[in-house]
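Reading through the structure tokens given below for one structure.
When reading the values below, keep in mind they use all heavy atoms of this one structure, side chains included, and skip hydrogens, waters and symmetry mates. Indexing begins at 1, ligand by ligand and atom by atom, following the structure's order. If you're wondering where the values come from, they're calculated on a predicted model, not measured in any experiment.
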Amino acid sequence: MKGGLPFGYTSASVAEIRENIDTEAAVVCLKDTAVDHPRVLIEAFIECIPDLLSWLETNGRDYPWRQTTDPWKVYSAEILLQRTRGDAVADIYDDFQDHFPTPRDLYEASEEEIREMVHSLGFVNHRTRTLKEIGELFVEEHAGKVPDSLDELTRPWRAGTYSARACQLFARGEPLALVDANYSRVIGRVLGYQMPDQPHKSDDVYELMEALVPKEPGLARAFNFAILDLGALICTPQNPRCETCPLQNACVYAGKQQLTD
Ligand code: SF4
């Protein structure tokens with residue numbers, strides 16, 4: 001993986017990014033959505049990615065789970081982050097890892113111990129059962145290790161696709177796209193793509209996002225963090241701060257694209 005922690009490779013040139021993105025696949029995906037001028041939009045987006053990665057290096061959120069590629073620390077953090085603010089998770093993250101440094105420690109803990117650890121995050125019953133189920137599955141079927149496959153990581157049914165993909169991406173360097181509300185909003189606005197109501201359940205959305213994620217692991221890491229953080233900090237649901245956004249020159253929503261037939 002190029003680049004270091006927390007963000008990965010943030011100083012790539014346009015040429016390096018172009019080598020690592022499947023432009024043709026992205027254009028085809030976008031064409032299928034009936035967006036006009038898909039190639040112009042994708043090319044403009046690629047041109048802005050170096051600025052996006054520089055923005056991440058300066059403004060990205062440096063959470064403790066971004067300082068590791070340990071699969072358990074990454075995956076368990078994603079469970080804690082479900083429907084929860086990063087700052088709230090950061091408050092208990094070190095304690096959680098001290099108490100449950102491996103899936104086996106979680107497996108051997110009582111529900112009460114787990115509940116006490118996560119109570120400040122809310123959704124306590126849901127989260128406790130999720131963590132307990134994960135501990136059981138990983139110990140009983142994977143010798144206490146975090147399985148190295150998306151299918152296995154999504155087997156605890158409350159864990160979800162997002163957590164599984166985040167683990168494979170951030171811990172194991174697989175160039176996957178994370179599709180959540182922030183991510184979909186940013187990509188949808190930039191490319192003028194009307195996202196479906198539940199983008200995380202759309203194969204078409206995953207196909208487009210996956211084509212856009214650079215293949216080099218350090219770049220894939222940086223790209224995903226950049227889109228996530230931009231969605232949280234700049235491209236917010238209401239009143240996005242387009243004038244400070246590194247993607248503004250490529251963005252259909254911001255009106256900077258001059259698209260003519
Ligand atoms: S220019 Fe505005 S709408 Fe477009 S991605 Fe940036 S913040 Fe979002």
Side-chain angles (χ1 to χ4, degrees), residues 7-14 17-18 20-23 25-27 29-63 66 85-87 162 165-166 169 175-200 202 204-214 219-260:
F7 300 130
Y9 186 35
T10 56
S11 55
S13 65
V14 172
I17 290 160
R18 212 181 286 283
N20 278 280
I21 284 183
D22 191 342
T23 307
V27 170
C29 290
L30 204 53
K31 203 181 271 177
D32 288 347
T33 67
V35 165
D36 290 336
H37 307 284
R39 185 173 300 280
V40 175
L41 292 168
I42 296 292
E43 290 290 347
F45 179 54
I46 290 172
E47 295 278 333
C48 284
I49 292 178
D51 288 344
L52 174 69
L53 302 182
S54 301
W55 175 87
L56 174 74
E57 189 63 45
T58 307
N59 300 284
R61 298 170 298 175
D62 184 7
Y63 291 124
R66 294 182 173 188
R85 286 181 309 104
D87 290 347
Y162 185 96
R165 294 173 78 84
L169 167 67
L176 299 170
L178 300 178
V179 179
D180 72 353
N182 281 350
Y183 208 101
S184 307
R185 185 174 58 256
V186 173
I187 299 292
R189 283 174 171 173
V190 172
L191 299 178
Y193 172 18
Q194 184 66 43
M195 288 282 165
D197 287 345
Q198 296 192 301
H200 63 291
S202 163
D204 290 345
V205 171
Y206 274 108
E207 209 178 328
L208 171 63
M209 303 289 199
E210 219 86 285
L212 291 172
V213 172
L219 259 181
R221 181 181 181 89
F223 178 87
N224 275 282
F225 277 143
I227 300 287
L228 290 172
D229 284 4
L230 195 78
L233 302 173
I234 301 284
C235 191
T236 45
Q238 309 299 326
N239 306 317
R241 294 191 288 125
C242 301
E243 66 288 354
T244 63
C245 177
L247 298 180
Q248 60 177 293
N249 288 336
C251 183
V252 171
Y253 182 98
K256 295 290 178 72
Q257 277 288 359
Q258 302 294 318
L259 299 174
T260 53

For ligand 1, which atoms have a heavy atom of Ala254 less than 4.0 angstrom away?
1 (S)
With no hydrogens and no angle check, is any side-chain donor or acceptor of Asp229 less than 3.5 Å from a backbone partner on Arg61?
yes
Has Cys245 got an N/O/S atom less than 2.8 Å from atom 4 (Fe) of ligand 1?
no
So which heavy atom in the protein is nearest atom 4 (Fe) of ligand 1, and how far is it from that ligand atom?
Cys251 SG, 2.3 Å
Side-chain heavy atoms of Leu53 within contact of Leu219, under 4.5 Å:
yes
Might you work through the side chain to side chain contact (heavy atoms under 4.5 Å, CB included) test for Leu228 and Asp180, ending with a clear yes or no?
CA-CA 9 Å; Leu228 290 172; Asp180 72 353; 3.9 Å; yes
Could you find the nearest protein heavy atom to atom 5 (S) of ligand 1 and give me its residue, atom name and distance?
Val190 CG2, 3.6 Å
For atom 3 (S) of ligand 1, the closest protein heavy atom turns out to be Tyr253 CD2, 3.3 Å
Determine whether a donor-acceptor pair (N or O, by modelled atom type, separation under 3.5 Å) exists between the side chain of Arg165 and the backbone of Ala177.
yes
Decide yes or no for Leu212 and Ile42: does some side-chain heavy atom of the first lie under 4.5 Å from some side-chain heavy atom of the second?
yes
Should you measure from each heavy atom of Arg189, which atoms of ligand 1 turn up under 4.0 Å away?
3 (S)
Is atom 8 (Fe) of ligand 1 less than 2.8 Å from at least one N/O/S atom of Cys235?
yes
Using modelled atom types and a 3.5 Å cut-off, is there a donor and acceptor pairing between side-chain atoms of Arg18 and backbone atoms of Ile46?
no
With backbone taken as N, CA, C and O and side chain as the heavy atoms from C-beta onward, which portion of Cys242 lies under 4.0 Å from ligand 1: side chain, backbone, both, or neither?
both
